[in-house]
Amino acid sequence: MPREVIFTKVFLISQPISAKRKANMKEYNFSGIEKKWQEYWETNKTFKTEDDFSNPNKYYILDMFPYPSGAGLHVGHPEGYTATDIIARYKRMKGFNVLHPMGWDAFGLPAEQYAIQTGTHPAVTTNKNCDTFRRQIKELGLSYDWDREINTTDPGYFRWTQWIFIKLYSTWYDHKSDRGRDISELPIPLDVLKAGDEARRKYIDSKRLAYYDDAQIWYCPSCRIVCANEEVLTDGSHEKCGNRVVRRNLKQWMLRIPQYAERLLTGLDKLDWSEGLKEMQRNWIGRSTGAEVDFKVDGHKEIITVYTTRPDTLFGATYMVLSPEHPLVGTITSPEQAKQVEEYISAASVKSDLDRTDLAKDKTGVFTGTYAINPVTGKRIPVWVADYVLMGYGTGAIMAVPAHDERDFEFAQKFGIDIVCILSPAVADPEQKKRIIAGRECWSGDGIYINSSNSELKITLDGLNVEEGIATITRWIESKNIGIHRVNYKLRDWLFSRQRYWGEPFPVIHWEDGRITLLDEKELPLTLPELEVFEPGDNGESPLSNATDWLWVTDSEGRRGKRETNTMPQWAGSCWYYLRFIDPKNESEIFNKVLEKYWMPVDLYIGGAEHAVLHLLYARFWHKVLFDLGIVSTDEPFMKLFNQGMILAFAYQTETGARVSSDQITEKDGRFYITGTDEEVRQIVAKMSKSLKNVVNPDDVVKNYGADTLRLFEMFLGPLEATKPWDEKGIRGPHNFLARAYRLIANRENITEGEEDPEILRVLHKIIKKVTEDIEGLRFNTAISAMMIFLNTALKKEKITLNTAGNFIKLLSPFAPHLGEELWQLTGHHDTITYEPWPVAEEQYLNEELFECPVSVNGKMRFKIDIPVNLPKEEVIKTVLADERAQKWIGTATPKVIVVPNRIVNIVV
RNA sequence: GCCCGGAUGGUGGAAUGGUAGACACGAAGGACUUAAAAUCCUUUGGCCAUAGCGGCUGUGGGGGUUCAAGUCCCCCUCCGGGUACCA
């Protein structure tokens, strides 16, 4: 069919023209266009991903799936989603087989709290919210394959979450081969075997990656739920609700993530993540090297083992500290001091409930009345109990070296304990040096040891520096059998249960004889029972304890058992969802192995920085376990990860601090007032939140400007990684750009046949190159500005060829897909633009003959001169110096001329 | 305190050590219009000069390296994120 005919046809079915518009001028009717193409995509399943192994170029691009809150999407969501969508569409046009799925992280507290208040089942709320989210996301024109949608609350999904839990339970970490292995392969030491079945079971349980045990945990009385350490903020409040948490001892499920600490740490090296993000994970894992050293206790047979990163300062250890929870405290405390110590311990346990940070500033402690022996000096040193030493790290006991540790220094000063300097500091200031050596100032840096030898024990560090000192003393300690080189991690066991209804039930039965069994894989999923009341029990018991029919089980021998009433934390479902997208409907296995091998790893993962540590660390941990068990084929799940910046919004506060929503604000001369009053309010930029009344809903933006504009605007706002304020003032820019693009291309009199204008060709190929590179580098803001430059040029010329238009439409379509499709159709195509080949920049159009060369004198740009590209340096110098404008600055001097080819010329006078 | 980012016009931002302010918003002026909206054109870092050409200054502050610094180095201030007695 000749092109002319198609053209006419297409133009006939176009939108009606507003009477007010110029007679035949077609204008940008975004809402009609967007509705039309969303329907087209849905009907034609345009973005359905085939598991097409014949295409070896696969691209798995993933968003952090959202928790579908009742508030719906806010404008922060589309930022990351648009970014991934642009890449997904771009990669499709580049011929990649693209996997780009979406789903719902739908277990969580808000739906359950709503259930407590209203009696509405959380599943009902959740489904409703998912529907809203799905509608909103579809209205943004995001190219997800909706056939792969998953929901963590779906039994068809969480049966596999439970399945992974069973795997964790039946895995131990073999440090010899540095991998997780099936528990059946765990070697049992002879003495354990001899001690009988009970001991054997205990031993095995002590090695499982998932275990059930008494744990000192944080409990939030307001939510009636336990919290993982990382869910408690530094001011002692619960991250979710802001209320204060308290310490409790409760039996809980824990995961031994520290077993994987080393691999989680070294695995970071090969990932294409930002250094900052990797650093955060490294800090969280918190690896340190040092030594464990044994101290004899005077008059007792017990030994106190301490962990120190500075064994080299052993000569300066003048006291010791046990944490209040240390098991030896009771044993070694002298009768005279017993009462005081007891009081201190009980005070310390309450103190942690009050305020950890404020009170932490002032060090407290109490003497046990007992002395330990410093193994190198032989001196008796007092043993104290103080809460600045934590039971959860190292051995819960330290040797204190006040001269060379700030905390110990502070403590020793307060309680009048000896401060012995054993290191002549590497400082220039002689006064400071004097103070340090006299023990009046603390020094934790490098230096040369003094007072650090004991000839009887054949040990001396004197004259060495810190690095040598640590190596020497560690060797000595090991040779004397009083200590050992040791690596420690801050990373703790992961508290993995919550006293909640709306989470994955544990496939666990607690039998009346105290034993624990897990369900068989075949019995999964273990679904939640129907409940009338969702209130948790008073003692922090899960609402599931009320579901008596569900709760009690009896085995074939008549033994009674009770199901686990805790549920898994929200992290569980999000720890592995990226794997289920690969094969979301598989009922017989977690996913097909061949498919997993094809699609994994995730090539690009984009999400908010708030998940920099927890989600990403937890998911990597599970993934490594699954890898060790041969379930997945890669050691790391996410090859490249990118954190989008947060979108902030203006918020308004009255003098008294009350929040006023932005629709009640009037701006006058740069000041802000509550509309209709004189009351001035303060404008602040803050994270969008309900309490600040500054949440912007994308629905309004879509209605007023269209989804394509919203997409473009969010990408044009600034670099993806930057934190940026949402200010709708700027939205006209991208909107006008799209309207102008439409006006140029949709009005056929602007589209010509034949030769293209050379300037347009030059700009076109320049931006093909620029847009391509910028998409690859996630620099969408500059890609958009390049397209704007092209359009400005084209509009000046008023005409472009069909071929040029086609190339431009292709470049535009990942950013503004609805308009892309519409223009593609209007220029005579029948099929979706989704799989059209991406344009290629042709070198011949990129090279220009003349270069407008800036000439600077003494580093200051003075004038520009046209110089042929690649002109030899001598010629350039000659040309430039011949220019009278150069002469003006040079005068009679003989200038030095620096030529940077095709860049700049600098004349130095 | 420590670790990691960041600071560029009225605003969002751009700039492989090589023309600072691309692109856009906003503002001002003009065209079209009975008028407004929309659209189009012009100007737009500051200061000085101006018929026109032009000059000085300028990327949080202070030093330095370089022919040349927003960019590299040192010191400081402020803002954001992470972390918090981890021995």
Hunt down the Watson-Crick or G-U wobble partner of rG1(B), both distances under 3.5 Å, from any strand shown, or write none. rU83(B)
Is the Y307(A) ring parallel, tilted or perpendicular to the Y393(A) ring (thresholds 30°, 60°)? perpendicular
Identify whether any heavy atom of G394(A) sits under 4.0 Å from a base atom; if not, whether one sits that close to sugar-phosphate; answer base, sugar-phosphate or nothing. nothing
Taking the side chain as C-beta and beyond, is there a heavy-atom pair between Y344(A) and P324(A) under 4.5 Å? yes
Separation of K729(A) atom NZ from rA27(B) atom C1', in whole Å? 11 Å
If you look at every strand shown and take non-hydrogen atoms under 4.0 Å, does S288(A) touch a base, only sugar-phosphate, or nothing? sugar-phosphate
rU19(B) base to K864(A) side chain: any donor-acceptor pair below 3.5 Å? yes
Across the strands shown, which category fits V900(A) at heavy-atom distances under 4.0 angstrom: base, sugar-phosphate, nothing? base
Assigned partner base of rA51(B), Watson-Crick or wobble definition, under 3.5 Å: none
Any donor-acceptor pair under 3.5 Å joining the side chain of R903(A) to the base of rU16(B)? yes
Please confirm whether the shortest side-chain N or O distance from Y393(A) to OP1 or OP2 of rA87(B) is below 4.0 Å. yes
Identify whether the glycosidic angle of rG82(B) places it syn (within 90° of 0) or anti. anti
Pairing check on rC40(B): which nucleotide meets the Watson-Crick or G-U wobble criteria with it, both distances under 3.5 Å? rG30(B)
At 4.0 Å (heavy atoms only), tell me whether R740(A) reaches a base, stays on the sugar-phosphate, or touches nothing. sugar-phosphate
Parallel, tilted or perpendicular: ring planes of F411(A) versus Y319(A), cut at 30 and 60 degrees: parallel
Could you list the donor-acceptor pairs under 3.5 angstrom formed by side chains in residues 764-771 of chain A, with sequence neighbours left out?
| unit_1 | atom_1 | unit_2 | atom_2 | d |
| --- | --- | --- | --- | --- |
| H765(A) | ND1 | E842(A) | N | 3.0 |
| K770(A) | NZ | D774(A) | OD2 | 3.3 |

Using Watson-Crick geometry (N1-N3 plus N6-O4 or O6-N4) or G-U wobble (N1-O2, O6-N3), each under 3.5 Å, rA35(B) is paired with none
Mind checking D408(A) for me? I need base, sugar-phosphate or nothing, with any heavy atom below 4.0 Å counting as a touch. nothing
Closest listed nucleotide, where the reference is the side chain of T782(A) and the choices are rA24(B), rA87(B), rA15(B): rA15(B)
Rounded distance in Å - CE (M788(A)) to P (rG12(B)): 17 Å
Provide the Watson-Crick or G-U wobble partner of rU59(B), both distances under 3.5 Å; none if there is no partner. none
